[in-house]
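By convention here, the first residue in the shown sequence is residue 1. Worth saying up front: this structure is predicted, and the values here are computed from it rather than measured. Just so it is clear, the values below take in all heavy atoms, side chains as well, and ignore hydrogens, waters and symmetry mates. Whatever order the structure lists them in is the order used to number ligands and atoms, beginning at 1.
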Amino acid sequence: MPKPDLILLAMEQSPTLDLFERALHAAGYDLAIAKSLSALENTLQETVPTLLVIAEKLGDKSGLDQARLVLGRFPTLPVILYAVNHDPKLVLECLRSGLSDCIFPPLKIDEIGRAIQQSQKRAAQMGDWVRREVRRTTSSLEERIHEMETLVTLSRSITASLNLDSVLSNVVTAAVELTNAEEGQLLLLDESTDELYMRASRNFDEKFARTFRLPVKDTLAGQVMSTGEAISFCRDAPNKIKTAYLVYSLIYVPLHNNGRVIGVLGVDNRLAKLPFAPHHELVMRVLADFAAIAIQNAQLYDESEHERAKFETVINDIQDGVILLDKSNHILLINPAARKTFGLGISELIGMPVLEAISHHDFTGLLGSITDSPLKFHEIAFEDGRVFNSQYIPIKAIGSVITLEDITHLKMLDRLKSDFIHTISHDLRSPLTAIMGYVELLDRVGPLNDQQKEFVRHVQSSAQNITALINDLLDLGRIEAGFDTRKDEVFIETILRFTLDNLGRQITDKHQNLQLTISPDLPVLRGNPIRLRQMMDNLLVNAIKYTPVKGRIDVILRSEAEQIIFEVADTGIGIPQADQLHIFEKFYRAENAPKDTPGTGLGLAIVKSIVENHAGRIWVESTLGVGSKFVVVLPAS
Ligand code: ADP
């Protein structure tokens, strides 16, 4: 059995209250009675009645004001005001305030029942209307949510999928479904014929869609193409919008790509005279943007694929080995030439730590050296005689690339050249010694005039230069050939101080400022003291020679991780970047070496050979016009 309706009576104790009680009991209602304002408030906190009857006065408060407050909280609650006098102004106030009725004495029992029933009926009607409205708004909200969900799913599929066909077909399907259209199509411009063709479609005959061609000129789609503006309409009579068929209603929106219109997204109704809703155009615009982004993505992907394929062909075909590494030295790419160099076959190497894939001693040395120095070149020699020049190039945001150039034949030529120079030097030394001896004897066999003495000095100085050159060549030959096997315990600081003592005069003559820093507790070195002195001497002579008067020369001798580090930095003329690669080669002089500064280009070649003979490394850091720094790292004994 349904519960009887609860009527709340808000009035003070009076015969009228008794009358209401009787009338409402007789009509079968449940009753709640509030005889004061606080009682009314308490009752409303506990329960919501189906109707409220309130007296014009409750204590000293206005019943109408109270009724307004209650309606503010429960807008659909029917409220009847009981007034003592029939006052038309009060009735008007009641109606304006949203009360259902206003009743006056004399009251009869059946009148009370009728007023209550009528108010309840109106309230029920109002409730129905509110429910209907809520349902209508909810369903339209649900539709919007569905639209949003479809759009979000589509936008995700655009970024996730590289399959343009399926993305565009999804866009057209969404357009048809979200606008409740009969059919939809995505037209793209064929620039060669100035026609539109159907790139994707929904509910069109497949063959029709495939062969469909629409001229841009004099068509609605063409108008969208040229103005970049959307078109939508709904007509009573079908319109001929395409050469092939008639439609009642339609929406066409442009596809923009890089400021150009590249096509049209359209939906239409051919059979039913159904209009599109105003917001459908907005939905279509969003979908058109999705399609345009997908097309742009596909174009960019095609372009990058094309570039990648080109790059891959080049990398695969070049003679030099190329290994691309990420920042933690894992292989990203290794070309066939590099595989062949290290005999790696076709095994899977991508993603592997490079030192795990390639364990060659010299290669490990190259990677080990890059962490503590900007050394960029390294030779990798194989037991079968092959020699490769490897270059390490850091690449921002990726890692690094290592290239490997086969220099076996150059090495062989270099050896031949060295042998030849060695032989010639030997052959030249004996006649030179004879020349020097006879020149020295000249003034003993008879007096020389001043001019003859001057000529003899010239001959002596030139012969000394040639002797120095030949000595250098012979030294180099000896060091390179590995004849220089002497290894003693060497105190490198003593050697440096000795060298500097000898060069002190030259430094003072040029008013240069020498700064010497020697760390205490340098480890002992095993090496050839004569050669080590030659190495320091050559580097310091260069610093003095290529640094102008009053320049500064910093010499540092320190140790780090069982290594001795010797640095000579100057504020001299610097070395051009391109020359830095070659200055350690024999007879090489940098392009900016002053013509009037004597030199053979052999000094650094000797230095490099000595350093390598002591299992060390040498490199240069230099900025043209600012200065140069030569760094030698030698392992302690
Ligand atoms: P050289 O006898 O010409 O000095 P080196 O082999 O000692 O021959 O040096 C090779 C070249 O390197 C020099 O000719 C010069 O161009 C350059 N070079 C060497 N040291 C320095 C330096 N400290 N400052 C500028 N250039 C230098």
Quiz: residues 338-352 side-chain donor-acceptor pairs under 3.5 angstrom, not counting sequence neighbours:
residue: R339; atom: NH1; partner: G345; partner atom: O; Å: 3.1
residue: R339; atom: NH1; partner: S347; partner atom: O; Å: 2.9
residue: R339; atom: NH2; partner: S347; partner atom: O; Å: 3.3
residue: T341; atom: OG1; partner: A337; partner atom: O; Å: 2.8
residue: S347; atom: OG; partner: L344; partner atom: O; Å: 3.1
residue: E348; atom: OE2; partner: I350; partner atom: N; Å: 3.3

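Put simply, the side chain of N257 never gets that close to the backbone of R260: no donor and acceptor are under 3.5 Å apart.
For D414 and K586, the salt-bridge test passes: some basic side-chain N is under 4.0 Å from an acidic carboxylate O.
Listed by chain and number, N542, A543, K545, Y546, D570, I573, G574, I575, I583, Y588, R589, A590, A593, G599, T600, G601, L602, G603, L604, S628, F630 each place a non-hydrogen atom less than 4.0 angstrom from ligand 1.
Annotation: ring-ring contact (aromatic ring centres under 6.0 Å, His included) contacts involving residues 562-604, sequence neighbours excluded, comprise H582-Y588.
Taking the centre and axis of the six-membered ring of F311, the NZ or CZ atom of R308 falls outside the cone set by 45° and 6.0 Å.
Residues satisfying the side chain to side chain donor-acceptor pair (under 3.5 Å) criterion with K411, sequence neighbours excluded, are E379.
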